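Worth knowing before you read on, the calculation uses all heavy atoms, side chains too, and leaves out hydrogens, waters and symmetry mates. As the structure is a prediction and not an experimental result, all values here were calculated from the model.
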Amino acid sequence: MTDTRITLLSPGAAPLDAAALALAYSVADRSVTTLRVNFITSLDGSATVKGLSGGLGGPADKLVFDTLRRLSDVVLVGAGTVRSEGYGAMRLSDADVEWREARGLAAQPAFALVSGRLDLDPTSDVFAKAPVRPLVLTSASAPAGARTALGRVADVISCGDDQVEPQRIVDTLVERGLTQILCEGGPSLFGTFIAADLVDELCLTVSPLLEGGAGIRISHGESDAARRMRLVHVLESDGLLLTRYARRR
């Protein structure tokens with residue numbers, strides 16, 4: 001862990017070290033399925049600056065980002081976010097691998113991409129340099145040619161007939177023993193999980209930045225009911241607020 005100071009938002013709180021930060025984001029029972037979503041937003045509600053989320057964050061947000069990956073069984077990302085954010089192969093650091101193996105976890109979490117159209121490049125580093133064969137979650141109606149091409153570098157799984165269904169995504173991952181699911185976006189995928197009432201946790205970083213209104217929200221879609229969450233904690237680092245919310249069940 002770097003010299004970045006992350007503290008509980010309370011008077012006199014001491015900085016959290018790597019172990020304390022992992023504990024702050026750990027779940028009580030890993031056998032219980034948890035769909036956790038991680039996002040960052042500006043003070044005025046934007047998920048991006050100039051089209052990318054990276055302009056909002058800082059060292060503390062990166063530490064939480066890495067911690068959440070370390071704790072997960074699978075990292076789930078929409079294909080649009082993979083393209084727009086320039087994802088490469090998902091590979092944890094040696095220290096994170098050692099931490100996971102000491103606790104009986106797989107060395108690397110699985111990486112799952114959601115794409116209804118299979119608009120993904122099978123030669124990209126996402127697949128070519130992946131330490132674990134990725135999963136591609138799609139629909140049965142996805143283009144057959146793209147399915148064949150991606151099937152050479154990933155496990156391509158149908159999670160619905162005409163569209164990718166959020167409950168089928170969760171069920172598919174859990175059937176593979178991947179109960180701790182970390183979703184890193186994008187907004188449309190997050191929106192479908194909200195609408196299906198599948199979000200168990202939201203880890204939201206609030207950046208001390210006013211973006212100006214050009215950026216997108218962290219979720220997009222339609223839902224017929226508001227979802228009440230409870231606050232688990234608020235951490236602070238150099239003006240960044242690092243929050244964890246859990247679903248009221």
side-chain contact (heavy atoms from CB on, under 4.5 Å) evaluation trace for V234 with L242: CA-CA 6 Å; V234 182; L242 306 141; over 6 Å; no
Chi angles and distances behind the ring-ring contact (aromatic ring centres under 6.0 Å, His included) call for F190, H220: CA-CA 7 Å; F190 185 20; H220 172 74; over 10 Å; no
side-chain contact (heavy atoms from CB on, under 4.5 Å) assessment of L56 paired with T41: CA-CA 7 Å; L56 291 168; T41 180; 5.6 Å; no
Test salt bridge (Lys or Arg N to Asp or Glu O under 4.0 Å) applied to D73 and R176, step by step: CA-CA 10 Å; D73 291 327; R176 290 173 171 251; over 6 Å; no
R70 vs D96, salt bridge (Lys or Arg N to Asp or Glu O under 4.0 Å): CA-CA, chis, key distance, verdict: CA-CA 6 Å; R70 183 202 297 176; D96 284 342; 2.8 Å; yes
Derivation and outcome, side-chain contact (heavy atoms from CB on, under 4.5 Å), residues Q180 and L71: CA-CA 8 Å; Q180 299 306 303; L71 294 168; over 6 Å; no
Candidate pair D121 and R83, rule salt bridge (Lys or Arg N to Asp or Glu O under 4.0 Å), full reasoning: CA-CA 10 Å; D121 180 4; R83 291 190 295 269; over 6 Å; no
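With values rounded to the nearest 0.5 angstrom, T48 atom OG1 is found 5.0 Å from I216 atom CD1. Of the inter-residue distances, the one linking F111 atom CZ with L76 atom CG reads 9.0 Å to the nearest 0.5 angstrom. Considering CG of L210 and OG of S46, their distance stands at 11.0 Å, rounded to 0.5 Å. Interatomic distance, CD of Q163 versus OG1 of T138, reported as 11.5 Å (0.5 Å rounding). Going from atom CG of L231 over to atom OH of Y245 covers 5.0 Å, rounded to the nearest 0.5 Å. The OG atom of S207 lies 9.5 Å from the CG atom of D44; values are rounded to the nearest 0.5 Å.
The minimum heavy-atom distance linking G88 with V126 is given by the pair O-CG2, 3.7 Å. Taking each heavy atom of C203 and N38 in turn, the nearest pair found is O-OD1, 3.0 Å. Of all heavy-atom pairs between F39 and G186, the closest is CZ-C, 3.8 Å. When every heavy atom of A149 is checked against every heavy atom of P122, the shortest pair comes out as O-CB, 4.0 Å. Taking all atoms of both residues into account, the shortest heavy-atom contact from C183 to F193 is SG-CE1, 4.2 Å. Considering every non-hydrogen atom in both T179 and S31, the closest pair reads CG2-O, 4.1 Å.
Residues L189 and V37 fail the side-chain proximity criterion, which asks for heavy atoms closer than 4.5 Å. Looking only at side-chain heavy atoms (C-beta outward), V232 and R230 come within less than 4.5 Å of each other. Counting only heavy atoms from C-beta outward, the side chains of L92 and W99 never approach each other to under 4.5 Å. With a 4.5 Å cut-off on side-chain heavy atoms, I169 and V114 count as touching. Taking 4.5 Å as the limit, every side-chain heavy atom of S139 sits out of range of all side-chain heavy atoms of D161. Side-chain contact between I194 and S223: present, with at least one pair of heavy atoms (C-beta onward) separated by less than 4.5 Å. Contact check for L118 versus L150: side-chain heavy atoms found under the 4.5 Å cut-off.
Using modelled atom types, one finds a donor on one side chain and an acceptor on the other under 3.5 Å when comparing R147 with S158. Side-chain contact, T205 with D61: a donor N or O sits under 3.5 Å from an acceptor N or O.
Looking only at distances, no side-chain donor or acceptor of R247 sits under 3.5 Å from a matching main-chain atom of M229. Of the possible polar contacts, one joining the R91 side chain to the K129 backbone as a donor-acceptor pair under 3.5 Å is found. Without hydrogens or angle criteria, E85 side chain to Y87 main chain gives no donor-acceptor distance under 3.5 Å. No donor-acceptor pair closer than 3.5 Å links the side chain of T81 to the backbone N or O of V77. Remark: side-chain polar atoms of D17 are paired, donor with acceptor, to backbone N or O of A20 under 3.5 angstrom.
For CZ of R227, the number of neighbouring non-hydrogen atoms (other residues, nucleotides, ligands) closer than 6.0 Å is greater than 12. Applying the 6.0 Å contact sphere to CD of E98 captures no more than 12 heavy atoms from other residues, nucleotides or ligands. Annotation for D29: atom CG counts as buried by contact number, over 12 foreign heavy atoms lying within 6.0 Å. Under a cut-off of 6.0 angstrom, the local environment of CG in D171 is crowded, with over 12 non-hydrogen atoms contributed by other residues, nucleotides or ligands.
Checked for salt-bridge contact, R244 and E201 meet the test: a charged N lies under 4.0 Å from a carboxylate O.
Follow the hydrophobic side-chain contacts under 4.5 Å out from V206 and you never reach L209; the two are in separate clusters. Side-chain heavy atoms closer than 4.5 Å link hydrophobic residues (I, L, V, M, F, W, Y) into clusters, and following such links, possibly through other members, connects V170 to L135. Put simply, L137 and V199 are part of the same group of oily side chains (I, L, V, M, F, W, Y) that touch within less than 4.5 Å, one to the next. A continuous path of ILVMFWY side-chain contacts below 4.5 Å connects I181 to L198, so both sit in one hydrophobic cluster. Linking ILVMFWY residues whenever their side-chain heavy atoms come closer than 4.5 Å, directly or via other members, leaves L235 and F65 in distinct clusters.
For the side-chain contact (heavy atoms from CB on, under 4.5 Å) criterion with E184, the lone passing option out of R36, M90, R69 is R69.
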